[in-house]
Amino acid sequence: MRRVVVTGMGAVTPIGLNVNEFWNGVKESKVGIGQITRFDASEFKVKIAAEVKGFAAKDYMDPKTAKRMELFSQYAVVAAKEAIEQAGLCMEKEDPYRVGTAVGSGTGSLQSIERNEKRMKEKGPNRIEPLLVPLMISNMASGNISIYFGLKGKSINVVTACATGTHNIGEAYRTIQYGDADVMVAGGTEACVTPIGIGGFAALTALNTTEDVTRASIPFDKDRAGFVLGEGAGVVVLEELEHAKARGAKILAEVAGYGATSDAYHITSPAEDGMGAANAMTFAMNDAGMAPSQIDYINAHGTSTHHNDLFETRAIKLAFGEAQNDVLVSSTKSMVGHLLGAAGGIEFITCVKSIEDGYIHENVGLREVEDASEFSLNYVKDHGVSMDVNVCMTNSLGFGGHNATLIVKKYAQ
């Protein structure tokens with residue numbers, strides 16, 4: 001197996017438009033949740049979201065190019081640009097057929113669907129936008145990245161709802177391991193703070209209806225009452241170790257393991273016993289050749305819903321056994337909400353930054369768990385922890401029963 005390392009990262013988030021801004025926000029325990037401004041939400045049960053603020057595609061690309069991308073694709077391309085620039089990847093020096101993309105989106109563009117449904121009703125079917133389909137479909141995040149940067153290798157779009165970003169990074173990791181590419185640009189993107197996006201999740205009773213932004217996304221807290229819809233993109237450059245060393249790239253961390261399972265249980269709820277997610281974690285640790293005692297930190301899926309936080313806690317206990325109280329646990333969603341397809345990408349970046357800076361962030365807003373015997377893990381509470389971080393695990397659990405786990409570790413020769 002070829003070793004795979006991280007050489008670049010890019011982020012567009014509700015608390016920062018690049019990795020540095022995002023990570024500074026994380027260290028400040030900044031909460032990027034506020035009143036919905038994308039549309040008039042006065043008649044909706046849910047009136048808050050974690051929107052990206054201050055983003056303008058024209059600041060990163062020419063207007064004509066931007067116009068041919070919907071917002072989720074714009075986020076993806078901008079995050080990929082930051083990651084590729086940090087990696088120092090020069091495509092003129094690369095075999096483009098050895099550089100691929102794996103960037104997914106859970107929903108694609110709901111905006112284009114809403115816009116054209118209205119046009120069709122008001123003006124008839126002949127007035128539907130000619131580019132509706134290529135603007136709408138979720139694979140266009142990966143497609144636009146490959147076109148924009150001239151990446152001609154494998155270009156895929158794994159769509160597994162909330163596990164999308166993690167699965168894409170995992171499949172990119174496997175692609176490089178098995179020699180199908182030397183470099184992969186991988187992650188997730190999402191932009192679904194729209195009437196149908198908010199309305200649909202609200203109808204499912206998945207979203208918190210509070211307007212108190214400090215108590216809206218509070219993973220593992222006894223008062224948790226649903227997740228907060230967020231948006232953004234998290235994209236990384238993964239590279240075969242010897243390829244990275246040969247071109248003098250700075251290595252940020254090493255991807256050590258990947259595990260994926262399905263609950264085969266329910267369309268929205270994780271399995272109550274946590275076995276599906278537990279096995280994803282165990283498979284990732286086996287892939288990495290690591291024992292539970294070697295994991296310093298788990299960046300939990302931690303959505304702030306009743307079922308997820310309880311069943312993920314059970315899963316961690318199953319997977320970690322006697323080591324369950326020694327590993328620190330927190331959820332980045334306590335600050336940026338749930339970015340759906342982009343969540344795994346942003347949370348993977350959080351793990352790499354935790355290793356780089358020796359810092360593990362808190363579960364912002366966590367005051368008290370509902371049952372100390374059930375919720376007995378070492379949740380990071382009240383403030384972050386400065387410590388030497390060598391190995392991180394990140395979990396993502398998606399509607400449909402999709403479970404994905406990645407392990408990233410400090411790079412050593």
message = If we count only N and O atoms by modelled type, under 3.5 Å, do the side chains of Thr261 and Asn279 hold a donor and an acceptor together?
response = no
ask   = Any side-chain heavy atom of Leu17 sitting closer than 4.5 Å to one from Thr13?
value = no
request  = Inspect the contact between Glu356 and Lys353 and indicate whether a charged nitrogen and a carboxylate oxygen are less than 4.0 angstrom apart.
outcome  = yes
query = Is there a side-chain contact between Val5 and Leu238, using heavy atoms and a 4.5 Å cut-off?
reply = no
message = Run Arg115 and Glu70 through salt bridge (Lys or Arg N to Asp or Glu O under 4.0 Å) and show every step you take.
response = CA-CA 12 Å; Arg115 188 171 66 243; Glu70 285 291 316; 2.8 Å; yes
ask   = Who passes side chain to side chain contact (heavy atoms under 4.5 Å, CB included) against Lys47, sequence neighbours left out?
value = Gln35, Glu211
ask   = Does the gap between the ring centers of His338 and His301 come in under 6.0 Å?
value = yes
query = More than 12 heavy atoms of other residues, nucleotides or ligands under 6.0 Å from NZ of Lys45: is that the case?
reply = no
query = Would you call Asp223-Arg367 a salt bridge at under 4.0 Å N-O?
reply = no
task = Say whether Ser138 and Asn157, considering side chains only, have a donor N or O and an acceptor N or O under 3.5 Å apart.
result = yes
query = Is there side-chain contact between Asn378 and Asp326, with at least one heavy-atom pair below 4.5 Å?
reply = no
query = Between Tyr60 and Phe55, does the ring centroid distance fall short of 6.0 Å?
reply = yes
ask   = Going by an N to O cut-off under 4.0 Å, is there a salt bridge joining Arg174 and Asp180?
value = no
query = Under 4.0 Å between a Lys/Arg side-chain N and an Asp/Glu carboxylate O for Arg314 and Asp273?
reply = no
query = Any side-chain heavy atom of Glu370 within less than 4.5 Å of one from Phe220?
reply = no
message = Is there a ring pair (Phe, Tyr, Trp, His ring centres under 6.0 Å) between Phe39 and Phe44? Walk through the geometry before answering.
response = CA-CA 11 Å; Phe39 61 93; Phe44 287 71; 5.2 Å; yes
ask   = Looking at Arg119 and Glu114, does any basic side-chain N land under 4.0 Å from a carboxylate oxygen?
value = no
request  = Would you check if there is a donor-acceptor pair between the side chains of Thr37 and Glu51 at a distance under 3.5 Å?
outcome  = yes
request  = Assess the side chains of His361 and Thr332: does a donor N or O sit below 3.5 Å from an acceptor N or O?
outcome  = yes
task = Compute whether any side-chain donor of one residue and acceptor of the other, for Ser334 and Ser217, lie under 3.5 angstrom apart.
result = no
ask   = OH of Tyr297 to CG of Asn390: how many Å apart, nearest 0.5 Å?
value = 15.0 Å
message = Check this for me, if you would: do Lys222 and Asp371 make a salt bridge, where the nitrogen-to-carboxylate-oxygen distance has to be below 4.0 angstrom?
response = no
ask   = Do Glu190 and Ser105 have side-chain atoms, one donor and one acceptor, less than 3.5 Å apart?
value = yes
request  = Indicate yes or no: does Glu122 engage Arg127 in a salt bridge with an N to O separation below 4.0 Å.
outcome  = no
key: Neighbour count above 12 (heavy atom, 6.0 Å) for Lys317 NZ   = yes
message = Within the 4.5 Å heavy-atom criterion, are Thr405 and Thr166 side-chain neighbours or not?
response = no
Salt-bridge present (Asp357, Lys27; N to O < 4.0 Å) = yes
query = Looking only at side chains, do Asp40 and Ser42 share a donor and an acceptor under 3.5 Å apart?
reply = yes
query = Are a donor atom and an acceptor atom from the side chains of Gln86 and Thr7 found within less than 3.5 Å of each other?
reply = no
query = Are any non-hydrogen side-chain atoms of Thr268 and His266 less than 4.5 angstrom apart?
reply = yes
task = Check whether more than 12 heavy atoms from other residues, nucleotides or ligands sit under 6.0 Å from atom CG of Leu132, and answer yes or no.
result = yes
query = With Tyr379, which of Asp221, Asn363, Thr313, Asp309 fulfils side chain to side chain donor-acceptor pair (under 3.5 Å)?
reply = Thr313
inquiry  = Is any side-chain heavy atom of Val99 closer than 4.5 Å to one of Leu89?
reply    = yes
task = State, without any angle test, whether Ser146 and Thr101 hold a side-chain donor-acceptor pair at a distance under 3.5 Å.
result = no
ask   = Between Glu362 and Val380, which heavy-atom pair has the shortest distance, and what is it?
value = CA-CG1, 3.6 Å
query = Do Cys351 and Met393 touch side chain to side chain, with heavy atoms closer than 4.5 Å?
reply = no
key: Charged N-O contact under 4.0 Å between Arg3 and Glu254   = yes
